[in-house]
There are 2 protein chains.
Amino acid sequence: MPSEKLANRERRRHQGEHRVTLEDVARHAGVAPITVSRALNTPEKVSTKLRDRVDQAVKTLGYVPNLIAGGLASAGTRVIPVVVPSLSILTFIEVIHGIQQTLENAGYQVLLGSTDYDLNREAALVDSVLGYSPSGVIMTGLHHRDTTIDRLRAWGRPVVELMELGTSYIDMNVGVETSEAGACMASHLVERGYRRIAFLGTGMDRDYRARYRYHAHREVLERAGLDGSLLFQNDEPASYEAGRRVFLEALEAQPDIDAIHFANDNLAAGAIMEANRQGIRVPDEVAIGGYLGLSLAEHLTPRLTTVVLPRFEMGVRAAEMLLDRLAGRERHAQRVDLGYRLAVREST
Amino acid sequence: MPSEKLANRERRRHQGEHRVTLEDVARHAGVAPITVSRALNTPEKVSTKLRDRVDQAVKTLGYVPNLIAGGLASAGTRVIPVVVPSLSILTFIEVIHGIQQTLENAGYQVLLGSTDYDLNREAALVDSVLGYSPSGVIMTGLHHRDTTIDRLRAWGRPVVELMELGTSYIDMNVGVETSEAGACMASHLVERGYRRIAFLGTGMDRDYRARYRYHAHREVLERAGLDGSLLFQNDEPASYEAGRRVFLEALEAQPDIDAIHFANDNLAAGAIMEANRQGIRVPDEVAIGGYLGLSLAEHLTPRLTTVVLPRFEMGVRAAEMLLDRLAGRERHAQRVDLGYRLAVREST
DNA sequence: CTGTTAGCGCATTCAG
DNA sequence: CTGAATGCGCTAACAG
């Protein structure tokens, strides 16, 4: 007795207005609800005739699918949580941009989460977003709480870990060899003939990737018989201003420094701009190298030598790998090294 | 007959592993499922004793709520779609950052959508994200297709439109008086004594806010008896490189220009850096003004005069207004002017 | 304060 | 190719 059912419905409905549902469309088109569902999701399984009728009804009623209901019934939504440590850092912005563009074109939505470099927040965030039955998850880095790793593994859907490469990852891993990249810049500076080479960073307690680079840097220097312990840092977030400050602090503390390996381009750029202001000649008095590949680096005078990370591509690639798995095109866990590139310019 | 029900369940389940459900927790704690639901969502409505038992069960079973199911039952998820024109523009990044931080602290998640400045994509995106039964929506700007506006209005939940202020908005409006901001910089240049003042932009076909600023700029100039038609543009996305290029093009076409009003700081910064490289003296040969308030502006030499937009605060405020409405703290539509600030520095 | 009942709107069986 | 029946996991309503 459909009419009775309908009457009940009107009474029960939680939220005022009657949103158009699949059932309304079905009734209007004179077909079963499931046919509407199929016409929308797998049109090739429905005859042209019925499909047209359904499309017509959808249009005239202004039907918009309830993705939540669909998600519950099919135990999955076309949502991909992307978990990053911070949104104030340009590195991750570019990565997110690549992910977002790729996923949106494939009909998925990005759910943004940031952890502020706190693994406990990350754990809570993961628990929470898994509650949306997402199709997959994209995480930053390989450092997570064991419980987070276990949960993600047990979950069984595609997970990409992004940024640095490692041997132990949950499911898929895209990124670059972070330590090597640090060693690469250090070697460059050594080869250029600099002898008092310092590493300058900010927020290195939280940013373990920067720490990895420093360790690699130190090793390179010591292997060359140089002092690898010249390290200056503070715990501000990375910014031009922070770069300016550590730069001045370092020069004051160790005036004989002849080259600086900065933890990232933001800091290095701040230093170059300050050097220009103070008339400190780069690279004659002090050489400056960075890490990231910000476009700003090419516009400074002198142009900044830096290790260029393919940030946008990283995002794109991560999203593509996820999509491939979701489409069943790719079965096994994989690891993709996107490589970095040393851009040698006038600052060193 | 619970055991029979359970047996059915195991057979039917779509996706392999048995995820822990509310029911499992309820059984473990010896209470009704609704009690678990309440203990989790409205703990104050449950006795301490039962609440503890539930919390215990949740912990030992590792229960993670299915937000999709909850969303379906309660016709709403703690998700806020944020629709921006582009992720490659720093303006919106800062805004998103503010939104994200505020919402995440209040237990909401940001669903990111970008339209690429296409109102049809925007319409499709809005339709799609409304399917997730979000708690509210944050949109960029006041320009939308009529159908988008109608749908959002009919939807009946909080909607914030962000960036520019206007008289006709859907529900709530946070931003700054864009045209005034453009007039402000133009007035500043006029007052400084410049006479051949050009406006330089990129992508202005899509970026109507930049067009508004240009119109205001033109009006100010003409009212001062100056030529307001000096406009140079191309359709690249905003970048240092694009700024460098329009800058050189404009100087070549009109060598007598004595001041430039750039559509944004990215362009202006590109121009200043190019000027430094070429030995063009700023502001003596040509003055340069920007719009946005990028931190970079303060580190250039000369420091860039610009109109500072409170981008982060805009995001925070939009999110707060949404949260206030969701909490029933605020009832009526509102409009908040966050104001801009002219930062006069050495480039003009 | 706690429980019972009855769906939310859709997609997955399984039949025809 | 189409449909009927059923339940995804949770919460709103209403009793007790």
Side-chain angles (χ1 to χ4, degrees), chain A residues 2 4-27 29-51 53-54 63-78 130-133, chain B residues 2 4-27 29-51 53-54 63-78 130-133:
Chain A
E4 182 189 327
K5 194 175 170 188
L6 250 186
N8 279 335
R9 207 166 188 149
E10 293 308 330
R11 235 178 294 122
R12 267 186 278 90
R13 193 167 299 278
H14 303 150
Q15 7 117 238
E17 20 285 270
H18 178 64
R19 255 195 89 183
V20 179
T21 70
L22 243 203
E23 206 178 320
D24 298 327
V25 176
R27 207 176 307 120
V31 299
I34 183 62
T35 301
V36 178
S37 172
R38 282 199 275 249
L40 263 29
N41 300 320
T42 50
E44 70 279 6
K45 291 187 175 175
V46 173
S47 65
T48 322
K49 191 182 151 187
L50 285 192
R51 203 192 315 151
R53 241 158 69 199
V54 167
Y63 170 67
V64 177
N66 182 327
L67 272 17
I68 292 295
L72 181 57
S74 66
T77 56
R78 293 175 76 86
L130 289 191
Y132 288 107
S133 299
Chain B
E4 181 187 330
K5 196 175 169 187
L6 249 187
N8 280 335
R9 206 164 190 151
E10 294 307 333
R11 234 177 296 120
R12 266 185 279 91
R13 191 169 301 280
H14 302 149
Q15 9 121 232
E17 19 284 270
H18 178 65
R19 255 195 88 184
V20 179
T21 71
L22 241 204
E23 207 179 317
D24 299 327
V25 177
R27 206 175 309 121
V31 298
I34 185 66
T35 301
V36 178
S37 173
R38 281 198 274 251
L40 263 28
N41 300 320
T42 52
E44 70 279 7
K45 292 187 174 175
V46 173
S47 66
T48 321
K49 189 182 149 188
L50 285 192
R51 201 190 319 149
R53 238 158 70 198
V54 167
Y63 171 67
V64 177
N66 182 328
L67 271 17
I68 292 295
L72 181 57
S74 66
T77 55
R78 293 175 76 87
L130 288 191
Y132 288 107
S133 298

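Following rounding to the nearest Å, Leu22(B) (CG) and dC8(C) (C1') show an atom-to-atom distance of 15 Å. Rounding to whole angstrom units, CG of residue Leu72(A) and C1' of dC10(D) are separated by 8 Å. In this structure, Leu40(B) atom CG and dT11(D) atom P are separated by 8 Å, rounded to whole Å. Distance, Tyr132(B) OH to dC8(C) P: 22 Å, rounded to whole Å. Whole-Å rounding puts the Ile68(B) CD1 to dT11(D) P distance at 12 Å. A straight line from CD of Glu23(B) to P of dT11(D) spans 13 Å, rounded to a whole angstrom. Here dC1(D) presents its P atom at 9 Å from CD of Glu44(A), a figure rounded to the nearest Å. If you measure from atom CG of Asp24(B) to atom P of dC8(D), you get 11 Å, rounded to the nearest angstrom.
Here Ser37(A) reaches the OP1 or OP2 of dA11(C): one of its side-chain N or O atoms lies under 4.0 Å away. Here Asn41(B) reaches the OP1 or OP2 of dT11(D): one of its side-chain N or O atoms lies under 4.0 Å away.
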Can Leu40(A) and Val54(A) be said to form a side chain to side chain contact (heavy atoms under 4.5 Å, CB included), step by step?
CA-CA 8 Å; Leu40(A) 263 29; Val54(A) 167; 4.3 Å; yes
Determine, stepwise, if the pair Thr21(B) / Asn66(B) fulfils side chain to side chain contact (heavy atoms under 4.5 Å, CB included).
CA-CA 8 Å; Thr21(B) 71; Asn66(B) 182 328; over 6 Å; no
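With values rounded to the nearest 0.5 angstrom, Thr35(A) atom OG1 is found 9.5 Å from Arg53(A) atom CZ. In this structure, the separation between CZ on Arg38(B) and OG on Ser47(B) is 11.0 Å, given to the nearest 0.5 Å.
Set against dA11(C), dG7(C), dC10(C), the side chain of Ser74(A) has dA11(C) as its closest nucleotide. Taking the side chain of Asn66(B) as heavy atoms from C-beta on, and the options dG7(D), dA12(D), dG9(D), the nearest nucleotide is dG9(D).
The nearest pair of heavy atoms linking Tyr63(B) to Leu22(B) is CE1-N, 3.5 Å. Considering all non-hydrogen atoms of both residues, Ala32(A) and Ala26(A) come closest at C-CB, 3.8 Å.
A distance-only check finds a donor-acceptor pair linking the side chain of Thr77(A) to the backbone of Ser133(A) [under 3.5 Å].
For Arg51(A), the side chain to side chain contact (heavy atoms under 4.5 Å, CB included) partners at least two apart in sequence or on another chain are Ala39(A), Pro43(A), Val46(A), Thr48(A), Asp55(A). Qualifying side chain to side chain contact (heavy atoms under 4.5 Å, CB included) partners for Leu67(B), counting only residues two or more places apart in sequence or in other chains: Ser128(A), Tyr132(A), Pro65(B).
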Measure all distances between protein nitrogen or oxygen atoms and nitrogen or oxygen atoms of nucleotides 2-4 of chain C, and list the pairs falling under 3.5 Å.
| from | atom 1 | to | atom 2 | distance (Å) |
| --- | --- | --- | --- | --- |
| dT2(C) | OP1 | Ser47(B) | OG | 2.5 |
| dT2(C) | OP2 | Ser47(B) | N | 2.7 |
| dT2(C) | OP2 | Ser47(B) | OG | 3.3 |
| dG3(C) | OP2 | Ala32(B) | N | 3.3 |
| dG3(C) | OP2 | Thr35(B) | OG1 | 2.5 |
| dG3(C) | N7 | Arg38(B) | NH2 | 2.6 |
| dG3(C) | O6 | Arg38(B) | NH1 | 3.4 |
| dG3(C) | O6 | Arg38(B) | NH2 | 3.4 |

Using Watson-Crick and G-U wobble pairs with both distances under 3.5 Å, what is the 5'-to-3' dot-bracket string of DNA chain C, with [ ] for crossing pairs and | for pairs outside the strand?
||||||||||||||||
